[in-house]
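All chains are named by letter (A, B, ...) in the order of the sequence lines, taking the proteins before the strands, and each is independently numbered beginning at 1.
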Amino acid sequence: MDMDKTVADLAEALAGIEDGMSLMIGGFGGSGAPIELIHALIDRFRSTGSPKNLTIINNNAGNGRVGIAAMIDAGMVAKMICSFPRSADPRAFTEKYLAGEIELELVPQGTLAERIRAGGAGIPAFYTPTSYGTDLAKGKPVGEFDGRNYVQERWLKADVALIKAELADRHGNLTYRKAGRNFSPLMASAATLTIVQARSVVEPGEIDPEQVVTPGLFVDRIIEIADAQQEEALMRAGVAYS
Amino acid sequence: MDMDKTVADLAEALAGIEDGMSLMIGGFGGSGAPIELIHALIDRFRSTGSPKNLTIINNNAGNGRVGIAAMIDAGMVAKMICSFPRSADPRAFTEKYLAGEIELELVPQGTLAERIRAGGAGIPAFYTPTSYGTDLAKGKPVGEFDGRNYVQERWLKADVALIKAELADRHGNLTYRKAGRNFSPLMASAATLTIVQARSVVEPGEIDPEQVVTPGLFVDRIIEIADAQQEEALMRAGVAYS
Amino acid sequence: MTEKLSNAQIAWRAAQDIQDDSYVNLGIGFPEMVAKFQPPGRQAIFHTENGILNFGESPAAGEEDWDLINAGKKAVTLKPGAAFFHHADSFAMVRGGHLDVAILGAYEVAENGDLANWSTGPKGVPAVGGAMDLVHGAKRVAVITDHVTKDGRPKLVKRCSLPLTGVGCVTRVYTSLAVIDIENGRFVLREKLAGMSLEQLQALTGAELLVQGEIRDLSAPENLQ
Amino acid sequence: MTEKLSNAQIAWRAAQDIQDDSYVNLGIGFPEMVAKFQPPGRQAIFHTENGILNFGESPAAGEEDWDLINAGKKAVTLKPGAAFFHHADSFAMVRGGHLDVAILGAYEVAENGDLANWSTGPKGVPAVGGAMDLVHGAKRVAVITDHVTKDGRPKLVKRCSLPLTGVGCVTRVYTSLAVIDIENGRFVLREKLAGMSLEQLQALTGAELLVQGEIRDLSAPENLQ
């Protein structure tokens, strides 16, 4: 029968996310953040105590009291892998970090993107000039090519990716909205289970094949969230998901 | 003033291509092959004796007696870097190769694509499972990651890229036609000088920012060729560019 | 009873193992035939190296669009839900383990899973294409092949004598005579033609065939096109 | 005569060196101000790490689209000819040498071109963002900064004492007092405020200022907004 990756509800979309897993979460600040998927996962944690001890991979570490910040507040997150754990309102992460209750792996932004891309592309390691000679390169192998020094970086994969898309067809072909694209196409390729909330689910063929940004083979589950919330707007409105 | 990368004619588009340079030429078979740029370069060689001793980077090594095959026939090409120097009519390359008159660097197709992408992305080297344990890995460093063996491959850059696009705006933002995309976005990023023939040149803003495939910063010159020839059609018609 | 399966029958047999909703790459040439024999009710999505997902059959003669071709440079069509992408993204799909199965041809397959399918030796013009990439990454790498060469020598061997495409990469071989899994560096016989004895098959095979449990009859419809 | 240039004046001065048709990345915070002072008749195209080329000014209050932001998470607009792309492509532009100039802030710049601009030490929450990527790749990496810290210590130093962002990466520094090139591991003075002597400037600088040829007057329009 014709392929259909849509699921009935948020609970089904998030099934199988377990304690200790690594989650890549799309978005750069509030742009592209899959708030409904995140909040539904928080709901599950509140009602069942799971998933916890999660490693979250995102450029940032949450803003205000919603989204990733609310996951941190709820106590679901053991470790953040990110480039910039600051924001307009970084309290959720800052408090836990300074209390020693959350681990931080700080990765330069371009290296973070390239490591995720490498994870999706089957490239176990690559060399980059970024961070050479700095504290963030400590302990990493270095290599010299054509007289210039580089740091060897490893791929980054995850158990799950949570992604916000604009259009999704039932096969999982995706488009994104404006700069909401950011890390999401990379993360979709680097996770074992890629879960997408899309503003609109359409029939295969309704997205021009030349305009597909994430081809469907990277996507496992799709749920339509027509009126998704925007993290930045929630944060500015002072909303706390608690 | 507003950026304008269009040039007046093919001669201006190709200015500065000199003996001994490396040229990435877009296309996979006839799909995406910039025939008018190639043939204009052959014209220049015929009238001036230059450019010659070129290194050509393409998936294939020409077909029939047009395009890259005609460059080889004309005696402009010293070396091919490609994955598959065979075609429906591979005589041009085969004859020169068997006569020892042209050098071949054979690269697995995915490794060729990734090396070019690495060239454009500032990644001097990466590891891939492809070709491990085969003749094509001989002499290359190997590395073990998570118990599996990989081959270290180097980036590939070129002096010039010749690209066929569908739409180009004056800033150099490009779209491609169907599978004519193939290596072209990678090559556009990995060459010092990227020269594009586009079916249609449009004003900035006429290509939806979400549908740009090659952003303009990778492009240096644009020429509109409204009725471009198709290599496969020429080959099947028995055309020889001589 | 057939003396041996035709190429179409081998392709048919391989197609029966492709699960619904699979992402599949078929090597150029003979393996392309597998696409014709998808069981009714199942949908596989086909990937081609030059940047298309979910392409379909060849267009009618005269309807070809030469910007819409597969890795074998043959004109194809698109199915609803197709996508285009560039070559680096295409091989990210391959190398990154996103294809469920790749089905390739072979000159030789060794019992340790080594595959030789790109070069018959130092003569002529070497050409590798995407074969060395495809053997790494797809979750399952299968081979379809005649059981023996045109001059009767085994293609299933102890160790490959021809230049390798990949090391330890093949997990199943569909031949004109048998279906054989490669497990722990050994050929394990799963199916053989009913009219052929194990001894006959072994005599045509260059390494020992292990028997573990039932050996099913290998059969395929007659008159496949 | 100004005692020192304001931030706006430093940004204005840096903007004068951005050539027509340049591709430019401005670090978050103070460097973003450079975009306001492009000379008339010149067009630079601005890149932001989160995947936009050719973005424009902030929208009016209330008109923000929070999917259309820059690396500083500020709402922006698009100019005709803009493009979106994902983060790996965005940093391919950075790392691959496709930007003509990156203009960044600094805690310290050393005469060997080392830059420290991401961490003031082990206290608090460390955050690096794209700074370590931007310092490698752009054809020209310039810094804009006050000449001294708030408590009067030199920011241009012999060797950085704070954690490095990049090694030997800065080629020009625009300060509140001077324009200084970094060549062969030395500070070369190009411009200084007319009312300031070389000795006064040297006293505020943590490493020797080389003088090669003419030293021009550093000046910028008053009342820049």
Q: Could you tell me how the ring of A/Phe28 sits relative to the ring of D/His87: parallel (under 30°), tilted (30 to 60°) or perpendicular (over 60°)?
A: tilted
**Q.** D/Arg95 side chain vs A/Gly110 backbone, donor-acceptor pair below 3.5 Å
**A.** yes
Q. When you check the side-chain N and O atoms of D/Asn50 and A/Gln109, is any donor under 3.5 Å from an acceptor?
A. no
Q) Can you check whether A/Lys178 reaches D/Ile69 side chain to side chain, under 4.5 Å on heavy atoms? A) no
**Q.** Top contributor to chain D interface from A/Gly180, A/Pro129, A/Ser131 [non-hydrogen pairs under 4.5 Å]
**A.** A/Pro129
Q: Applying ring pair (Phe, Tyr, Trp, His ring centres under 6.0 Å), run through D/His136 and A/Tyr132 and close with a yes or a no.
A: CA-CA 10 Å; D/His136 297 289; A/Tyr132 179 80; 8.1 Å; no
Q. Where do D/Trp66 and A/Arg236 land on the side-chain contact (heavy atoms from CB on, under 4.5 Å) test, with the steps shown first?
A. CA-CA 11 Å; D/Trp66 296 113; A/Arg236 285 170 182 255; 3.2 Å; yes
Q) Which pair of non-hydrogen atoms, one from A/Asn59 and one from D/Lys73, has the smallest distance, and what is that distance? A) ND2-NZ, 4.3 Å
Q.
So which residue, D/Gly51, D/Gly168, D/Ala88, ends up with the most heavy-atom pairs under 4.5 Å with chain A?
A. D/Ala88
**Q.** Minimum heavy-atom distance between A/Asp135 and D/Pro163, given as atom pair plus value
**A.** OD2-CB, 3.6 Å
Q: Please determine, among A/Ser184, A/Gly133, A/Pro108, A/Gly30, the option with the most heavy-atom pairs under 4.5 Å with chain D.
A: A/Pro108
Q: Among the options D/Val125, D/Leu68, D/Val135, D/Leu134, pick out the one with the most heavy-atom pairs lying under 4.5 Å from chain A.
A: D/Val125
Q: Pick one of side chain, backbone, both or neither for D/Leu115, based on which atoms fall under 4.5 Å of a heavy atom in chain A.
A: neither
(Q) What part of D/Ser119 gets within 4.5 angstrom of chain A, counting heavy atoms only: side chain, backbone, both, or neither? (A) neither
